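Here is the structure we will look at.
The first residue of the sequence shown is numbered 1, and numbering continues consecutively from there. Whatever order the structure lists them in is the order used to number ligands and atoms, beginning at 1. Since we're looking at a predicted model, the values are computed, not measured.
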Amino acid sequence: MTLKFLGTGTSTGVPILTCQCAVCTSPDPHDKRTRPSILLEYDGRAVVIDTTPDFRAQALREGLPRLDAVVFTHHHADHILGLDDTRVFYFRQQAPIPIYAGARCMTTIRTVFAYIFEGNYPFGGVGKLDPHLIEGPFDLWGLSFTPIPVVHGNLPIFGFRFRDTAYVTDVSEIPESSIPLLEGLDILILDALRHKPHPTHFSLAQAMAMVERLKPRRAFFTHIAHELGHEATNSALPAHVQLAYDGLRLEL
Ligand SMILES: [Zn+2]
Ligand SMILES: [Zn+2]
Ligand SMILES: [Zn+2]
């Protein structure tokens, strides 16, 4: 199985529109971050976690040949707004695209993309989705996904564990009851926004403290804001903990 980082930036993306800071104007391609999402490819299947406003550009960049399912962490704009672009895969594959989301997230998706669910547009060109509510672990073509309840500001959302890898973006607190679900990891992908504390995201220091507690073999940080330059931040981190970057590919 391969895991690709489709995007590793915070909700604005990096560079931020109009910003002239050192990271937003950096010539290092690792400092260009689209909105946060990952792609899992295994047994000829392609599953993405979240469809960001950059989903189309990410799929083009990676030459994504098909899409078998979308799994959602939560309903914020930077995680759902690319969903319309999955329609091309529906046209190609002639089957509705399965989507998996918690109740709150599914309600927002049904509101924002009401025209898809109404299914009564007479002129064609609209996608089709096959919605599944996440109520516990679920299986996608032999790969088991365990939802990890985490807190994002005042919002309960999901991280996901598959095999010995976990993807936990947009998190400000991991409840004690979720800690056992994140033990014995090979790879932990974790939210690390910036140095300064933030009400809805882990800072770099908080993310580092969680890595030290959970002791995964390797950790990668994502949802990164423009305060963190790739090179400078990584050179200050231990070798087994690094900022991820768009296009980074891991063999699991
Ligand atoms: Zn986000
Ligand atoms: Zn900037
Ligand atoms: Zn969010």
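The Zn ion (ligand 3) lies at the vertex of an angle of 90° between the ND1 atom of H76 and the NE2 atom of H152 (rounded to 10°). The angle H226:ND1 - the Zn ion (ligand 2) - C19:SG amounts to 110°, with values rounded to 10 degrees.
Among the backbone and side-chain atoms of H74, an N/O/S atom is found under 2.8 Å from the Zn ion (ligand 3). The Zn ion (ligand 1) has no N, O or S atom of H201 inside 2.8 Å of it. Taking 2.8 Å as the threshold, H223 counts as a candidate ligand of the Zn ion (ligand 1), since one of its N, O or S atoms lies below it.
Here Y100 and F138 bring their ring centres to under 6.0 angstrom of each other.
Taking a cutoff of 4.0 Å between a charged side-chain nitrogen and a carboxylate oxygen, R66 and D68 qualify as a salt bridge. Ion pairing between a basic and an acidic side chain is recognised when a charged N comes within 4.0 Å of a carboxylate O; D85 and R56 show no such pairing. Taking the charged nitrogens against the carboxylate oxygens, R217 and D164 have no contact shorter than 4.0 Å, which rules out a salt bridge. Checked for salt-bridge contact, E41 and K4 meet the test: a charged N lies under 4.0 Å from a carboxylate O.
Taking the Zn ion (ligand 1) as reference, the nearest N/O/S atom within D78 carries the name OD2. The N, O or S atom of D170 with the smallest distance to the Zn ion (ligand 3) is OD2.
How far CZ of F160 is from CZ of F145: 8.5 Å, rounded to the nearest 0.5 Å.
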